[in-house]
There are 2 protein chains.
Amino acid sequence: MGRTARIDRDGVIAAGLALADAGGLAAVTMAAVAARLGVTPMALYRHVGDKADLLDGMVEHLVTEVPPPTTGPWFDRLARLAGAVRESARRHPNVFPLLLQRPANTPGARQVRDGVCSALEEGGVDPARSAQVERLLSTAVLGFAASEAAGRFSHHSPRQLDQDFALLLEMLLRFVESGVTTVDGAAPDPRGPPGAPLR
Amino acid sequence: MGRTARIDRDGVIAAGLALADAGGLAAVTMAAVAARLGVTPMALYRHVGDKADLLDGMVEHLVTEVPPPTTGPWFDRLARLAGAVRESARRHPNVFPLLLQRPANTPGARQVRDGVCSALEEGGVDPARSAQVERLLSTAVLGFAASEAAGRFSHHSPRQLDQDFALLLEMLLRFVESGVTTVDGAAPDPRGPPGAPLR
DNA sequence: ACCTGAACACCGTTCAAGT
DNA sequence: ACCTGAACACCGTTCAAGT
């Protein structure tokens, strides 16, 4: 008879995210999510499959929250993207670490990856190797953001972590510009960045 | 009256590790750990505090399983340590990702960190900045190993991941040798590694 | 000192039932 | 089509009791 649904998948995921942000992953209970939506726990199963599916949806939400920049110089785009990733980790410190534990071939992840790859190729990276470089760079950035969010560096000052992040970006820039991954003999400007220094 | 204990903390942690390796973190149940030791669940609480403490112990076990090398050229030591970290991740793929989610100031973590720092200083890194460089390098290596262990790159071949890891090490080496973090004017051999190329 | 048995509040998930 | 109520097997943890 087409009763109008009172909740939908996005709402369930948003409720789970809000609970995780406020009280950690342990607070994400089918019962708690349902209560937040004013519904019984079993009502969730029509929209979410099971709890693992709910967590997957929450992680994917994080990924799609970080759209890759499309304007500006190639490394500027990468630096802004990395910064946005870091901010997402700060917004959702309890969920973010799950990002490193799931296959990196979801739709949202692919979109980010493509943005990184085209920036890298603009920076002179051999298109045949840009995917490999992308894995390296994104793993380093995700690893840092996850560590920071989860409190692995909680005994360091925010200012120190900002410096660490800047140094990380500098390492990545130098690596790309070193020409290790460019096509033979086509390494553009293998010494030093063309723009202003990072720090 | 000093009854001789039938189990101890190390045994509980080892049992938890074995269960996690075989069936994932979800298989690490107080009941399952106890059953594996031939004891009731409540017997564990004398040795382990609670379940979070058990997981902490399991993670710390992983760290102490990777002793930093003390012989050989500085970068060779770092490369072997990174390889050992990667192997630890492969041995305990379900527990390893937790390593990035816990404060990096446990005894075992400190020992590894000190080994990395002295290698870096031998490589010319300013002692005042070696701790910062260590955070960057270890985060990149842990992030890669955790990603690989958790299956984030499961759609890539083992051979591809070996190449990724080699490229990661090359990036780290180039960064240290670039002289960004050496004391002013004391950058030793800022161009190219002294030994054979990595790949 | 070390382990057990019984009990508690909670968890994810199922199934059949309601509208 | 969407939600509910009752039920099930399991979870971590407590407390008092046993030896």
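Throughout, a chain's letter reflects where its sequence line sits, starting with A, and its residues are numbered from 1. What's counted below: heavy atoms across the whole structure, side chains too, no hydrogens, waters or symmetry copies.
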Problem - Hydrophobic cluster identity match, A:Met42 and A:Val48, side-chain contacts under 4.5 Å - result: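 They do not share one cluster, since no chain of ILVMFWY contacts under 4.5 Å joins A:Met42 to A:Val48.
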The side chain of [X] is closest to which nucleotide in this list: [options]?
{"X": "A:Ile7", "options": "D:dC3, C:dC3, C:dT13", "answer": "D:dC3"}
{"X": "A:Thr29", "options": "C:dG12, D:dG12, C:dT4", "answer": "C:dG12"}
{"X": "A:Met42", "options": "C:dC2, C:dT14, C:dC11", "answer": "C:dT14"}
{"X": "A:Asp50", "options": "D:dC3, D:dT13, C:dT13", "answer": "C:dT13"}

Figure out the [atom1]/[atom2] separation between [X] and [N], and round it to whole Å.
{"X": "B:Leu54", "N": "D:dT13", "atom1": "CG", "atom2": "P", "result": "10 Å"}
{"X": "B:Leu44", "N": "C:dT4", "atom1": "CG", "atom2": "C1'", "result": "12 Å"}
{"X": "B:Tyr45", "N": "D:dA16", "atom1": "OH", "atom2": "P", "result": "17 Å"}
{"X": "A:Asp53", "N": "C:dG12", "atom1": "CG", "atom2": "C1'", "result": "14 Å"}

Problem - B:Asp76 vs B:Arg80, salt bridge (Lys or Arg N to Asp or Glu O under 4.0 Å): CA-CA, chis, key distance, verdict - result: CA-CA 6 Å; B:Asp76 202 58; B:Arg80 279 183 288 149; 3.3 Å; yes
Taking only side-chain N and O atoms of [X], does any of them lie within less than 4.0 angstrom of OP1 or OP2 on [N]?
{"X": "A:Arg6", "N": "C:dT19", "result": "no"}
{"X": "A:His47", "N": "D:dC2", "result": "no"}
{"X": "A:Arg9", "N": "D:dC2", "result": "no"}

Handout entry: Partners passing side chain to side chain donor-acceptor pair (under 3.5 Å) against A:Glu121 (at least two apart in sequence or in another chain)
Key =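 Only A:Ser130 meet the side chain to side chain donor-acceptor pair (under 3.5 Å) criterion with A:Glu121.
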Handout entry: Position toward the 5' end of DNA chain C (nearest nucleotide), B:Arg46 or A:Met30
Key =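 Counting from the 5' end, the first nearest nucleotide belongs to B:Arg46.
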Exercise for the section: Return the 5'-most residue of the pair A:Ala26, B:Ala43 with respect to DNA chain C, ranking by each residue's nearest nucleotide. Expected result: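 Result: B:Ala43.
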Exercise for the section: For the pair B:Phe144 and B:Phe153, name the ring-plane relationship: parallel under 30°, tilted 30 to 60°, perpendicular over 60°. Expected result: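 B:Phe144 and B:Phe153: tilted rings.
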Handout entry: Exercise: identify the closest heavy-atom pair between B:Pro69 and B:Leu81
Key =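 Taking every non-hydrogen atom into account, CD-CB, 3.8 Å.
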Problem - Short side-chain donor-acceptor distance under 3.5 Å, B:Arg135 and A:Ser147 - result: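 Result is no, nothing qualifies.
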Fill in the blank from the handout: Parsed dot-bracket for DNA chain C after applying the Watson-Crick and G-U rules with both distances under 3.5 Å and | for other-strand partners is ||.|||||...|||||.||
Handout entry: Donor-acceptor pair, side chain of A:Glu60 and main chain of A:Gly108, under 3.5 angstrom
Key =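 Yes; at least one donor-acceptor contact below 3.5 Å.
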Exercise for the section: Under 4.0 Å between any heavy atoms, over every strand shown, what does B:Val28 touch: base, sugar-phosphate, or nothing? Just pick one. Expected result: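 Touches sugar-phosphate only.
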